[in-house]
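Below is one structure, written out as structure tokens; the observations come after it.
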Amino acid sequence: MGTIAIHVTPEEEAMLRKCAEGAGVSIEELLRNSVLQYVADESDRQAYSVYLGYKDRCTMLSFEEAKKLWK
């Protein structure tokens, strides 16, 4: 397992500690979950951006139409 270190000010550390305590997790878990959520959200934003580039050139099917094709 890899290790990543970050440097924060004492004020930032206090804020992170308070937030982690409020969530009932360690600072490490808070940061890991937050960063991984950010990465997932960014991936979704990029996929949506690609979709926006194609949506006007594609024919979208309703769920019912798609179900008929999948039979």
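Because the structure is a prediction, the values reported are computed rather than measured.
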Establish whether Met15 and Ile6 are linked, either directly or via other cluster members, by ILVMFWY side-chain heavy-atom contacts under 4.5 Å. no
Kindly compute the distance separating OG (Ser49) from OH (Tyr54), expressed to the nearest 0.5 Å. 11.0 Å
Roughly how far, to the nearest 0.5 Å, is the NZ atom of Lys67 from the CZ atom of Phe63? 5.0 Å
Kindly check if the number of other-residue, nucleotide or ligand heavy atoms within 6.0 Å of CG (Leu36) is above 12? yes
Given Thr9, which partner from the list Glu11, Glu13, His7 fulfils the side chain to side chain contact (heavy atoms under 4.5 Å, CB included) test? Glu11
For Glu65 and Met60 the tightest heavy-atom approach is OE1-O, 4.3 Å
Measure the CZ-CD1 distance between Arg32 and Ile27 for me, rounded to the nearest 0.5 Å. 12.5 Å
From Leu30 CG over to Lys18 NZ, what is the distance, rounded to the nearest 0.5 angstrom? 14.0 Å
Nearest atoms (heavy-atom pairs only) where Glu29 meets Ser26: N-OG, 3.0 Å
Under 3.5 Å side-chain donor-acceptor pair for Gln37 and Asp41: yes
